[in-house]
A.B. asks: 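Take a look at this one; I'll ask things after.
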Amino acid sequence: MTAVLSPGLLAAGDPTLATHLAVHGPLRPPAPDAVADLAAAHGLTGRGGAGFPVAVKLRAVAGAAHAGRRRAVVVGNGAEGEPAAHKDAVLLARAPHLVLDGLQLVAAATGADDAVLAVPGPVVAVLERHLAERADPVPVRLVAVPDRFLAGEESALVSVVDGGPPLPRSKRPPVRERGVAGRPSLVQNVETLARLALLARGDRRAAAGVLVTRHAAGLPVDVADVPLTARLDAVLPLATGVQAVLVGGYHGSWLTVGTAAGVTLEPAELAGVGAALGAGVLAALPEDRCGLVETARVVGHLAEQSAGRCGPCLNGLPRIAAALQALARPGPPHPGLLADLGRWCGLVVGRGACSHPDGSVRLVASALRVFEPELAVHASGCCRARPGTAPFLPLGSGA
Amino acid sequence: MSRAERLVLDPIGCRGHGVCAELLPERITLDEWGFPLLAPGDLPAGLHRSARRAVAACPARALDLDVERH
Ligand SMILES: Cc1cc2nc3c(=O)[nH]c(=O)nc-3n(C[C@H](O)[C@H](O)[C@H](O)COP(=O)(O)O)c2cc1C
Ligand code: SF4
Ligand code: SF4
């Protein structure tokens, strides 16, 4: 394959098929096995949050379909339930045909005869029009996903595609074995699919970039396609007026500015400081806000969004959220509150059907580390936040 | 060929009845909300029979045994 210098995921000036073909060229259908090999060779990982290797999932679903003698189903995940993330919405608006190309590639790789693109209701109609322009070998169904944090979790998404509620299902058996209509299913984030579509065209850099949604005071929230080798402080302005950085989103981690300024976006480097790219959210918390107040508000939202299906999550998240709300208020906390909080966090990790509690606790633990000085300030009855400032982190339209 | 057996819980199915912890206290304790905490790792050979009893007794059918043959 010849290496072409691709202009990247968001390069096309408009979302039409003509522009897509002019900018990226046609997609030559590869041999089915070649897709997983390509993903493996470039180390392509999922961009929906967990960063799982694409090749491993493709082969597992193809294997499950073969073993069970059932055709697989592939699902493009454009739910983007994370309120601070907009990258999938921007991608679907600007480069829908890259996503649809990627969906055909994974359908070929898994031998699927049913492809679903699951997206927020308001964009179904426009995608319907883009789809009508194409002649795809595997027909694509568009499914509207409700605007809820959990709707994009893979088993919840399968439930939505099957006409059920946007709630996670039991993982035994896993989605890769029994997903949509009980068939072996592959769920892949839409950015992952678009990157695969560029890789298949010979763009070697496609697997080495990430779409990020940036939040910084005084700047409009935007989405950028950046290389993983970029330094975090080159992607997000951190030089002045910033107190801490949220990396990954609401299942992500707070970092001190000093730590954030010293790393690139490479997964291994972020892991070294206890962070991950997650849903690609990068937020620079301004000096005049309180990180404890912001985190307490977000965790309250996360607790409300919990499907309440698993005992530890149902019991733990509301208590964790209430404890954070207490710590976010100026004044000495109830003695033992921090110990309770630590114990409850330990009791929810790894005990849900999905990783919602684990992600929520990751955020809480990082807030307690990074905003530790604020805990003392609050205990003495003060708070650094300027009174009357609006919350910095968004909770989305559904909140 | 040996068999490794491991308890697995479906957290969505589990309603916190706690029957399992009564039947297999060596491997299952209850958290402060009444939900089971499973000891990690494979079951010791001597507990296979009581593990099967606990699995059968769960009213929510939320407890299972994964069997792996090596
Ligand atoms: C609570 C929760 C919410 C999630 N929401 C989304 C989402 O909105 N979009 C998404 O692509 N993945 C989401 N995920 C991850 C999916 O479960 C799944 O891992 C992902 O879609 C797989 O695609 P990828 O491997 O290409 O990232 C969520 C996971 C959890 C636990
Ligand atoms: S862990 Fe929480 S959010 Fe996930 S399925 Fe269970 S109750 Fe729902
Ligand atoms: S007996 Fe079943 S429902 Fe009850 S706690 Fe044990 S696993 Fe859960």
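Just the heavy atoms: all of them, side chains too, but no hydrogens, waters or symmetry mates, feed the values below.
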A.B. asks: If you count heavy atoms of other groups shown closer than 6.0 angstrom to CZ of A:R319, is the number above 12?
C.D. replies: yes
A.B. asks: Residue by residue, scan residues 49-66 of chain B and write down, ordered by number, those that have a heavy-atom distance under 4.5 Å to chain A; if none do, write 'none'.
C.D. replies: B:D64, B:D66
A.B. asks: Does atom NE2 of B:H48 have more than 12 heavy-atom neighbours, drawn from other residues, nucleotides or ligands, at distances under 6.0 Å?
C.D. replies: yes
A.B. asks: Which answer fits A:R343, side chain, backbone, both or neither, if we ask what part of it has an atom under 4.5 Å from a heavy atom of chain B?
C.D. replies: side chain
A.B. asks: Would you compute the distance between atom CG of A:L347 and atom CZ of B:F35 and round it to the nearest 0.5 angstrom?
C.D. replies: 12.0 Å
A.B. asks: Given heavy-atom pairs under 4.5 angstrom as the criterion, report whether the side chain, backbone, both or neither of A:R351 touches chain B.
C.D. replies: both
A.B. asks: Counting only non-hydrogen atoms closer than 4.5 Å, does B:L37 touch chain A with its backbone (N, CA, C, O), its side chain (CB onward), both, or neither?
C.D. replies: both
A.B. asks: Taking heavy atoms only and a threshold strictly under 4.5 Å, list by residue number the residues of residues 8-19 of chain B that touch chain A; give 'none' if the list is empty.
C.D. replies: B:V8, B:D10, B:P11, B:I12, B:R15
